[in-house]
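Here the structure comes first, spelled out in structure tokens, and everything after it is commentary.
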Amino acid sequence: MSHLTSQTQAPRGTAAAMGLIAIGFAGSTMITPLYALYQAQFGFSAVVLTIVYAAYVIGNLSALLFLGRLSDRIGRRPIAFAAIALCLIAASVFLMAQSTVGLFAGRVVSGLAVGLASGTGTAWLVDLRPDDRPRATLLAIQANMAGIGLGPLIAGLLASYAPRPLLLPFLVYAAAIATVAVMVTRARETVSTRAIDAALLRPQFALPQDTRAAFVAPAVTSFTAFAFVGFYAALLPSILDQAMHLTSPAIGGAILAQLFAVAAATMLATRRLSSRMAMMSGLMTIAPALALLVLAQSQQSLALLMLGTTSGGVALALGYRGSLEIVNTIAPADRRAGLVSVYLVICFIGNSLPVIGVAMVGAVAGPVRASEIFAGVMLVLAALAFITGLRFAPRRPTRACEAR
């Protein structure tokens with residue numbers, strides 16, 4: 001497949017691709033500080049809350065398994081516009097929700113939007129920088145962190161200090177969506193289009209055989225890192241309310257934003273670290289983050305929660321950046337979006353499903369015990385990824401910001 005390149009169009013295309021990723025992830029997390037308001041309005045339990053949160057994995061898997069390779073064939077821009085439309089639909093569903101059914105539907109549509117936006121945007125950025133994949137990967141992650149951090153922060157502030165807390169955040173989000181749509185309209189396509197055939201729409205893991213051994217470590221790393229994020233996003237409101245008696249949406253949004261602000265700062269500070277070393281360092285950092293999280297919950301300490309959040313942000317940044325860089329490095333050019341989609345499927349499963357188990361265990365054994373079990377499982381997975389990474393991760397000194 002031929003990819004068109006243009007140095008003059010790269011900045012415009014980069015902004016459009018990063019904006020696409022950012023609004024997708026912002027839509028997935030902006031509802032987090034609003035859960036307490038929905039919970040008071042609709043009267044659902046903590047278990048139902050986690051199921052609503054995890055529902056977006058349905059949309060993620062649908063997008064990435066059935067549609068993950070479409071942008072490789074019909075172009076980045078058409079799929080980008082489809083993702084933008086889905087972001088707007090998801091916001092509209094949340095805005096009109098009258099029960100948990102509406103929230104569930106909104107999460108599914110939001111997951112579909114994130115799946116299309118993240119896979120397409122990441123592949124688009126690599127297209128624009130074919131000779132500097134680590135730099136393209138860093139830009140994709142920065143856009144991810146910007147969206148996923150600003151979404152809950154802005155929504156939490158608006159819900160706490162502005163009128164119509166379940167209306168205004170979505171109107172602001174709709175304005176951001178419109179801005180990105182204009183950016184995509186002005187960006188240049190990087191893929192020569194081809195016709196769609198039936199085989200292209202069949203669910204398929206685009207995992208070439210010669211990449212499978214090297215793929216294991218980044219896959220397990222991403223699952224572990226995103227399970228940690230999912231724990232925060234789904235259960236943070238309950239922890240703040242039940243353990244610390246803090247109910248302000250602004251506090252929940254700010255703590256979640258702290259996680260991703262630390263992650264973004266860590267990426268900038270460690271940009272010269274090789275992909276392999278970044279991934280391995282992230283796996284080692286997850287242990288203190290999990291320990292601080294469990295201790296904060298048992299001791300009802302906001303200070304420990306913030307320390308755990310800081311450690312978690314470092315672990316997320318290093319693990320996510322390093323693992324995604326490795327995936328982009330081992331991916332064949334004509335199957336890049338497909339392989340990135342497999343990676344993202346694993347990210348989203350890790351982000352969604354473990355929190356349901358934590359909530360169910362918590363309903364029986366208590367939230368602290370559930371958090372301890374979660375931490376233990378995550379540590380085992382991190383150890384597995386570390387051992388596998390030592391054996392199979394590429395040893396080339398890829399850098400996030402090499403001078404070209």
Side-chain angles (χ1 to χ4, degrees), residues 24-63 86-115 148 151-152 154-156 158-160 163-174 226-227 229-243 246-253 255-256 348-364 366-367 370-371 374:
F25 280 101
S28 74
T29 58
M30 66 176 291
I31 194 175
T32 296
L34 307 180
Y35 281 139
L37 301 178
Y38 284 119
Q39 196 168 16
Q41 183 173 330
F42 300 148
F44 50 82
S45 67
V47 174
V48 172
L49 187 153
T50 57
I51 293 174
V52 167
Y53 173 82
Y56 94 129
V57 76
I58 299 172
N60 292 150
L61 296 181
S62 298
L86 288 168
C87 287
L88 189 58
I89 292 170
S92 301
V93 173
F94 286 130
L95 192 59
M96 296 183 293
Q98 299 297 315
S99 68
T100 52
V101 174
L103 298 181
F104 188 92
R107 289 292 290 170
V108 172
V109 178
S110 178
L112 190 60
V114 171
I148 210 169
I154 294 172
L158 291 174
S160 294
R164 306 296 297 275
L166 295 180
L167 170 64
L168 192 57
F170 297 107
L171 295 182
V172 172
Y173 180 56
F226 274 79
V229 173
F231 182 91
Y232 256 76
L235 298 178
L236 180 62
S238 298
I239 292 173
L240 290 173
D241 183 13
Q242 298 171 12
L246 299 172
T247 59
S248 171
I251 295 176
I255 291 176
L256 191 58
F348 294 135
I349 290 175
N351 187 234
S352 299
L353 298 187
V355 297
I356 298 178
V358 173
M360 290 181 173
V361 172
V364 176
S371 296
F374 170 81

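Just the heavy atoms: all of them, side chains too, but no hydrogens, waters or symmetry mates, feed the values below.
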Legend entry - Whether Ser160 side chain and Ala250 backbone form a donor-acceptor pair below 3.5 Å: yes
Legend entry - CD1-CG distance between Ile148 and Asn351, expressed to the nearest 0.5 angstrom: 6.5 Å
Inset, instruction - Can you measure from CD1 (Ile356) to CG (Leu49) and round to the nearest 0.5 angstrom? - result: 11.0 Å
Inset, instruction - To the nearest 0.5 Å, tell me how far Ile349 CD1 sits from Leu61 CG. - result: 5.0 Å
Inset, instruction - Please name all residues satisfying side chain to side chain donor-acceptor pair (under 3.5 Å) with Tyr173, sequence neighbours left out, ordered by chain then number. - result: none
Inset, instruction - For the residue pair Phe231 and Pro354, establish whether any side-chain heavy-atom pair is separated by less than 4.5 Å. - result: no
Inset, instruction - Grab the two heavy atoms, one from Ala155 and one from Met30, that are nearest each other, plus how far apart they are. - result: CB-O, 3.2 Å
Inset, instruction - Mind listing the closest non-hydrogen atom pair of Leu86 and Ala113 along with its distance? - result: CB-CB, 3.6 Å
Inset, instruction - Would you mind listing every side chain to side chain donor-acceptor pair (under 3.5 Å) that reaches into residues 90-109, with sequence neighbours excluded? - result: none
Legend entry - Heavy-atom pair of closest approach, residues Gly253 and Pro33: N-CB, 3.9 Å
Legend entry - Separation of Ile89 CD1 from Leu112 CG (nearest 0.5 Å): 9.0 Å
Inset, instruction - Using ring pair (Phe, Tyr, Trp, His ring centres under 6.0 Å) as the criterion, list what pairs up with Phe42, not counting sequence neighbours. - result: Tyr38
Legend entry - Separation between CG of Leu103 and OG of Ser110, rounded to the nearest 0.5 Å: 12.0 Å
Inset, instruction - To the nearest 0.5 angstrom, please state how far the CD1 atom of Ile255 sits from the OG1 atom of Thr32. - result: 12.5 Å
Inset, instruction - Identify, with sequence neighbours excluded, every residue that meets side chain to side chain donor-acceptor pair (under 3.5 Å) alongside Tyr35. - result: none
Legend entry - Considering all heavy atoms, the nearest Ala363-Val47 contact: CB-CG2, 4.2 Å
Legend entry - side chain to side chain donor-acceptor pair (under 3.5 Å) partners of Ser371, counting only residues at least two apart: Gln297
Inset, instruction - Taking the side chain as every heavy atom from C-beta outward, state whether Phe170 and Leu34 have any pair of such atoms under 4.5 Å apart. - result: yes
Inset, instruction - Output, in order, the C-alpha distance, side-chain angles, deciding distance and verdict of side-chain contact (heavy atoms from CB on, under 4.5 Å) for Val358 and Thr50. - result: CA-CA 9 Å; Val358 173; Thr50 57; over 6 Å; no
Inset, instruction - Check Pro165 against Leu37 and note the closest heavy-atom contact, atom names and distance. - result: CB-CD1, 3.8 Å
Legend entry - Heavy-atom closest pair, residues Gly111 and Asn60: O-ND2, 2.6 Å
Inset, instruction - Please tell me if the side chains of Leu166 and Gln41 come closer than 4.5 Å, counting only heavy atoms from C-beta onward. - result: yes
Inset, instruction - With sequence neighbours left out, write down each residue that passes ring pair (Phe, Tyr, Trp, His ring centres under 6.0 Å) with Phe25, or none if nothing qualifies. - result: none
